[in-house]
Enquirer: 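One structure is given below, represented as structure tokens, and several questions about it will come after.
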Amino acid sequence: MSNIPTPHIAAKEGDFAKTVLMPGDPLRAKYIAETFLTDAVLVNQVRGINGYTGYYNGKRVSVMASGMGMPSMGIYSYELFNFYDVDNIIRIGTAGSISPKLKIRDVVLAMGACTDSNFAAQFELPGTFAPIASYELLRKAVQVVEEMGNIGYQVGNVVSSDVFYSDRQTTASWQKMGALAVEMESVALYMNAARAGKNALTIVTISDSLVTGEATTAEERQTSFRDMMKIALEIA
Ligand code: HPA
């Protein structure tokens, strides 16, 4: 394809599998490739966003970081969907809980994503758009989590925020609408998937609570991250 390589990805045509797992952190991508994939090859290292393609239980799968926030997720998901012929992107990340139903380390499967960002403006819709997960990926994720058995999880709305350090206190307003957790990437991912006619799902673990102020230790984050990677790899 003429757009390859892109301004942000130096991989060749066919270097990516049809399914890409996207953690926020490039070191997590490296960890996933080294720990869970066989025959993993490095396909991108522009800006330290290392991308790998290998095999999980015989299935070809790629893993590459999204970076933090919607501009970054917007760029990588757009280029993967539209220029590298990727069909499925599964975000695996962390989120702060705003629902009292969630405990630290619980998993949220983001059926929908709300936002305080202006990302949707580019599509010039005569109303608001409801960014949603791929039903097929979500259905499989629920099935895998149920089979794993010992994981606390919720399915519902997340809030993709443009600000981590905000001057405004908005948690209570989102909580009233039943939103589960806040993160910073899903709306860009879901809208890019919709526009490209592709599939996306966000799976996050709760790293901190905006309700109680409780936070996970680095070690707890590692363990819950492994659970989430397993869910993502099983549905890949
Ligand atoms: N806000 C936004 N993104 C996050 C948070 C949060 O509190 N926790 C983990 N990712």
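First listed ligand is number 1; within each ligand, the first listed atom is number 1. Keep in mind that the numbers below use all heavy atoms, side chains included, and drop hydrogens, waters and symmetry copies.
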Enquirer: Apply side chain to side chain contact (heavy atoms under 4.5 Å, CB included) to Asp116 and Thr170, showing your working.
Expert: CA-CA 10 Å; Asp116 57 20; Thr170 56; 5.7 Å; no

Enquirer: When hydrophobic residues are tied together by side-chain contacts of less than 4.5 Å, even through go-betweens, does Val204 share a cluster with Phe225?
Expert: no

Enquirer: Around ligand 1, what residues show up once you keep those with a heavy atom under 4.0 Å from it?
Expert: Thr94, Ala95, Gly96, Phe164, Val182, Glu183, Met184, Ser207, Asp208, Leu210

Enquirer: Leu138 and Val155: which non-hydrogen atoms are nearest, and at how many Å?
Expert: CD1-CG1, 4.1 Å

Enquirer: Do Phe81 and Leu189 touch side chain to side chain, with heavy atoms closer than 4.5 Å?
Expert: yes

Enquirer: Heavy-atom count around Lys59 NZ within 6.0 Å, excluding the residue itself: above 12?
Expert: yes

Enquirer: Any donor-acceptor pair under 3.5 Å linking the side chain of Lys18 with the backbone of Ala236?
Expert: no

